[in-house]
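All values reported here derive from a predicted model rather than from experimental measurement. Reminder, nothing fancy here: chain letters follow the sequence lines and each chain counts from 1.
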There are 2 protein chains.
Amino acid sequence: MSKMSDKPEISNAEFEVLDVLWDSHPATSNEVISRLNDKKDWHEKTVKTLLGRLVKKEVLGFEKQQRQYLYYPLIAREDYTKKETASFVSRLFKGKITPMIAGFANQNSLSKQDISELKALIKEWEQNND
Amino acid sequence: MSKMSDKPEISNAEFEVLDVLWDSHPATSNEVISRLNDKKDWHEKTVKTLLGRLVKKEVLGFEKQQRQYLYYPLIAREDYTKKETASFVSRLFKGKITPMIAGFANQNSLSKQDISELKALIKEWEQNND
DNA sequence: ACACATGGACTACAACTGTAATCAACAAAG
DNA sequence: CTTTGTTGATTACAGTTGTAGTCCATGTGT
């Protein structure tokens, strides 16, 4: 036995497409295209290709609605971001988040609000782990 | 004018090579190869190719020592990780670190030590930003 | 019914990647 | 000196990615 859903590699361009579908789904290719138009400047055909590749990779599913397809994500954003974050932090920071945040901090990328959110997060963690 | 050192795209495999050079440099290709042997199972030729590509991308520099080259990084690990982190967090979390850490937290990936380090970090931030 | 528009499927194609093998030049060994 | 090994340089080659274009079947307007 093997080949148990081996992490589908999602490319950068593909991610953008998936991202708008996470925001709201299901959606037709045209909806996806027009939503992407706000940020990216991609040709319609390009987006369709990406949709197709994501389907092939089993990242998206679809359901025919007469002539068109209604696409929707097959994986949850949370699951994806969690895995990606873990592997990112593992690669670049040997798995320790603090150094990463430290990088943010001394780069002035931390706002007062970030700090208070972090504090809240810590407090919550401490309550769940007394 | 333009073309001001446009972020050299470093691939995953290339990153591993760069990583061991960040750990200690300069180093000959053989040193790099043997250090990588501990983690990766790459053919000698593969590593040499990667070294070459990194040189071409101006990520590594070298200096001849008779027959061999002594390679060394041209970019600092800190600079690289900072940029990568910023773009990562920007893409996956709209630039907010807290949601990322929250993902870590509810995945039980935060240790007691992480938490105390985070607290220290916050305290430090607050002192510098009163 | 028929011509045209439209949506997905298939095809294109160069650059980048992972993963090496071959080549050429020089150094080491005999 | 000549053979041999070693080192970087060049070449290989398939798969992925970015970015579309072409084909074919079906829906639409007349």
Side-chain angles (χ1 to χ4, degrees), chain A residues 3 6-21 25-37 39-72 74 80 84 87 91, chain B residues 3 6-21 25-37 39-74 80 84 87-88 91:
Chain A
K3 172 80 177 8
D6 22 53
K7 169 167 112 164
E9 279 304 336
I10 297 169
S11 80
N12 291 325
E14 285 160 6
F15 175 83
E16 299 294 336
V17 172
L18 176 53
D19 201 37
V20 310
L21 276 168
H25 56 265
T28 66
S29 55
N30 282 326
E31 285 172 329
V32 172
I33 289 165
S34 76
R35 284 200 240 151
L36 275 171
N37 250 343
K39 6 208 93 182
K40 300 296 181 174
D41 183 38
W42 288 341
H43 192 285
E44 165 213 359
K45 295 300 190 178
T46 300
V47 179
K48 299 236 184 126
T49 297
L50 295 172
L51 282 168
R53 287 182 182 168
L54 286 169
V55 168
K56 188 170 314 170
K57 290 182 180 184
E58 293 181 90
V59 168
L60 295 185
F62 64 85
E63 185 189 305
K64 291 193 211 249
Q65 186 194 37
Q66 358 122 165
R67 252 187 109 6
Q68 304 199 153
Y69 287 0
L70 286 180
Y71 296 91
Y72 52 87
L74 289 178
Y80 179 77
E84 288 303 301
S87 91
R91 281 166 47 76
Chain B
K3 173 80 181 2
D6 20 53
K7 170 166 112 164
E9 279 305 335
I10 297 168
S11 81
N12 291 325
E14 285 160 8
F15 175 82
E16 299 294 335
V17 172
L18 177 52
D19 201 36
V20 308
L21 275 168
H25 57 264
T28 65
S29 56
N30 281 326
E31 286 173 329
V32 173
I33 290 165
S34 78
R35 285 200 240 150
L36 275 172
N37 251 343
K39 7 208 91 181
K40 300 295 179 174
D41 184 37
W42 288 341
H43 192 286
E44 165 212 0
K45 297 299 191 179
T46 301
V47 179
K48 298 236 183 130
T49 297
L50 294 172
L51 283 168
R53 287 181 181 169
L54 286 168
V55 168
K56 188 169 315 168
K57 290 183 179 183
E58 294 180 88
V59 168
L60 295 185
F62 63 85
E63 183 190 307
K64 290 190 210 252
Q65 187 194 36
Q66 358 123 170
R67 252 189 107 12
Q68 305 199 153
Y69 286 0
L70 286 180
Y71 296 91
Y72 52 87
L74 290 177
Y80 180 78
E84 288 302 303
S87 89
F88 180 82
R91 280 166 48 76

Query raised in the report: Separation of Phe15(A) atom CZ from dT17(D) atom C1', in whole Å?
Result: 16 Å
Report summary line: In Leu54(A), Ile10(A), Leu50(A), the residue satisfying side-chain contact (heavy atoms from CB on, under 4.5 Å) with Phe15(A) is Ile10(A)
Query raised in the report: So do Leu70(A) and His25(A) actually touch side chain to side chain, heavy atoms under 4.5 Å?
Result: no
**Report entry** Whole-Å gap separating C1' (dG18(D)) and CD (Glu44(A))
**Finding:** 16 Å
Query - Heavy-atom protein contacts under 4.0 Å, nucleotides 11-21 of chain C, coded B base, S sugar-phosphate only, - none - result: -B----SBBBB
Requested in this report: Using only side-chain N and O atoms of Ser29(A), determine if any of them is under 4.0 Å from OP1 or OP2 of dG8(C).
Outcome: yes
Query raised in the report: So, do Val47(A) and Trp42(A) sit near enough that their side-chain heavy atoms are less than 4.5 Å apart?
Result: yes
Query raised in the report: Would you call Leu74(B) and Val59(B) a side-chain contact if the rule is heavy atoms closer than 4.5 Å?
Result: no
Query - Interatomic distance, Asn30(A) CG vs dA5(C) P [rounded to whole Å] - result: 16 Å
Report task. Take atom NZ of Lys48(A) and atom C1' of dA9(C), then tell me their distance rounded to the nearest Å. Result -> 11 Å
Requested in this report: Under the side chain to side chain contact (heavy atoms under 4.5 Å, CB included) rule, what do Glu14(A) and Lys57(A) come out as? Steps first, then yes or no, please.
Outcome: CA-CA 11 Å; Glu14(A) 285 160 6; Lys57(A) 290 182 180 184; 2.8 Å; yes
Report summary line: A correct 5'-to-3' footprint of nucleotides 25-30 of chain D, with B, S and - meaning base, sugar-phosphate only and no protein heavy atom under 4.0 Å, is BBS---
Report summary line: note: Gln65(A), atom CD; dG7(C), atom C1'; distance rounded to Å ~ 13 Å
Query raised in the report: What pair of heavy atoms forms the shortest contact from Phe62(B) to Tyr71(B), and how long is it?
Result: CB-CD2, 3.9 Å
Query raised in the report: Between dA9(C) atom P and Phe62(A) atom CZ, what is the distance in whole Å?
Result: 6 Å
Report task. Determine: side-chain N/O of Tyr69(B) to OP1/OP2 of dT6(D), distance under 4.0 Å, yes or no. Result -> no
Query raised in the report: Taking the side chain as C-beta and beyond, is there a heavy-atom pair between Glu16(A) and Arg91(B) under 4.5 Å?
Result: yes
Query raised in the report: Taking atom C1' of dA27(C) as reference, at what distance in whole Å does atom CD of Gln68(B) sit?
Result: 11 Å
Query raised in the report: Between Glu31(B) (side chain) and Thr28(B) (backbone), is there a donor-acceptor pair under 3.5 Å?
Result: yes
Query - Whole-Å distance separating the CG atom of Leu51(A) from the P atom of dA20(D) - result: 15 Å
Query raised in the report: Is there a donor-acceptor contact under 3.5 Å from the side chain of Lys48(A) to the main chain of Ser29(A)?
Result: no
